Amino acid sequence: MSTTLLPKTFYDRPVLDVARDLIGRRVVRLLDGQRVSGLIVEAEAYRGEEDLACHARAGLTPRTAVMYGPPGHAYVYLTYGMHWMLNCVTGPEGFPAAVLIRAILPQEGQAVIAANRAGRPQREWCNGPAKLCQAVHIDGRLNGAGLWHSASQLWLEEGQPVVEAQITHTPRIGIHNAPEPWRSIPWRFVTNEEFNLKEKE
DNA sequence: TTTACGATCTAT
DNA sequence: TAGATCGTAAAT
């Protein structure tokens with residue numbers, strides 16, 4: 001499995017292409033010099049001001065500014081007053097779009113992850129967008145971080161790309177107040193395996 | 001300044 | 001099915 005960093009150009013593409021291509025890639029967090037990582041198994045695309053489920057529906061604001069900037073940066077925000085969410089800003093620059101990382105499969109640093117997710121079964125360590133942020137210590141301090149270099153202590157690697165046949169498309173989660181067609185548009189990408197596991201939950 | 005509301009998670 | 005808990009954006 002490749003530990004090559006995904007280049008800045010990886011993110012400089014339409015958000016749906018990037019979201020789809022992010023499945024199987026590795027999120028790496030450096031904590032006290034130690035690699036803590038996992039493979040992405042679920043992601044969602046949020047695209048433009050016309051996407052009424054996207055934060056950019058409110059236009060350019062202090063919060064959404066990162067999404068309007070150049071691709072390849074992290075958009076990290078707090079929701080429900082307590083949960084951090086990790087997103088990757090995509091291209092082109094000036095157009096607000098990002099991919100929400102919804103779940104990863106823990107790889108390296110499992111002891112750290114277990115400690116951060118105290119007492120919960122392994123399956124529940126990183127199977128939600130807020131859970132994975134808690135597991136690898138991602139918070140607002142990483143908002144705007146460059147994901148193409150290791151100096152940011154948070155980056156993405158090539159990992160193990162997944163073929164189309166292994167990916168299920170569904171509507172996005174947790175946007176029940178958004179009007180159609182945004183509520184139902186299939187902009188969530190999840191590996192078949194993860195999809196089957198979640199169906200049972 | 002006040003209000004409403006979350007791209008969620010957990011316990012009941 | 002409801003409660004936690006607070007930043008953001010729009011309304012007042």
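Keep in mind that this is a model prediction, so the values were computed, not measured. Here is how names work: the chains are called A, B, and so on, in the same order as the sequence lines, proteins then strands, and each is numbered from 1.
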Polar contact flag, side-chain donor to acceptor under 3.5 angstrom, A:His73-A:Tyr11: no
Below the 4.0 Å mark, does B:dT8 have OP1 or OP2 next to a side-chain nitrogen or oxygen of A:Arg102? yes
Does a donor on one side chain sit under 3.5 Å from an acceptor on the other, for A:His169 and A:Glu164? yes
Closest approach of A:Leu86 to A:Ala74 (non-hydrogen atoms, all atoms of both residues): CD1-CB, 4.1 Å
Quick one: label A:Ile175 by what it contacts on the DNA or RNA (base, sugar-phosphate, nothing), any heavy atom closer than 4.0 Å. sugar-phosphate
Which residue, A:Leu197, A:Asn192, A:Asn196, forms the side-chain contact (heavy atoms from CB on, under 4.5 Å) with A:Glu194? A:Leu197
May I ask you to say what A:Met82 touches in the nucleic acid, namely base, sugar-phosphate or nothing, with a heavy-atom cut-off under 4.0 Å? base
For A:Ala130, answer base if it contacts any base atom (sugar-phosphate contacts may also be present), sugar-phosphate if it contacts only those atoms, and nothing otherwise; contact means non-hydrogen atoms under 4.0 Å. sugar-phosphate
Going by ring centres under 5.5 Å and near-parallel planes (under 30°), is A:Tyr77 stacked on C:dG7? no
To the side chain of A:Lys131, which of C:dG7, B:dA7, B:dT10 is closest? B:dT10
Quiz question: by atom type and distance under 3.5 Å, do the side chains of A:Gln153 and A:Arg29 form a donor-acceptor pair? no
Cut-off 3.5 Å, side chains only: do A:Trp182 and A:Glu180 have a donor facing an acceptor? no
For a quick check of understanding: with a heavy-atom distance under 4.0 Å over all strands, which category does A:Arg188 fall into, base, sugar-phosphate or nothing? nothing
Under the rule of Watson-Crick or G-U wobble with both distances under 3.5 Å, where | means paired to another strand and [ ] a crossing pair, DNA chain C maps to ||||.||||||.
Might you list the N or O atoms of the protein lying below 3.5 Å from N or O atoms in nucleotides 9-12 of chain C, with each pair's distance?
residue : atom : partner : partner atom : Å
C:dA9   : OP1  : A:Thr61 : OG1          : 2.0

Indicate, with yes or no, if the rings of A:His55 and A:Tyr77 have centres closer together than 6.0 Å. yes
Remember a base hit wins even if backbone is also touched, and classify A:Arg183 as base, sugar-phosphate or nothing at under 4.0 Å, heavy atoms. nothing
Regarding A:Gln122 and A:Gln110, do their side chains bring together a donor and an acceptor under 3.5 Å, going by distance alone? yes
Side chain of A:Leu100 only, heavy atoms from C-beta on: which candidate in B:dT8, B:dT10, B:dA7 is closest? B:dA7
So, is the end of the A:Arg13 side chain (NZ or CZ) under 6.0 Å from the ring centre of A:Phe10 and within 45° of the ring's axis? yes
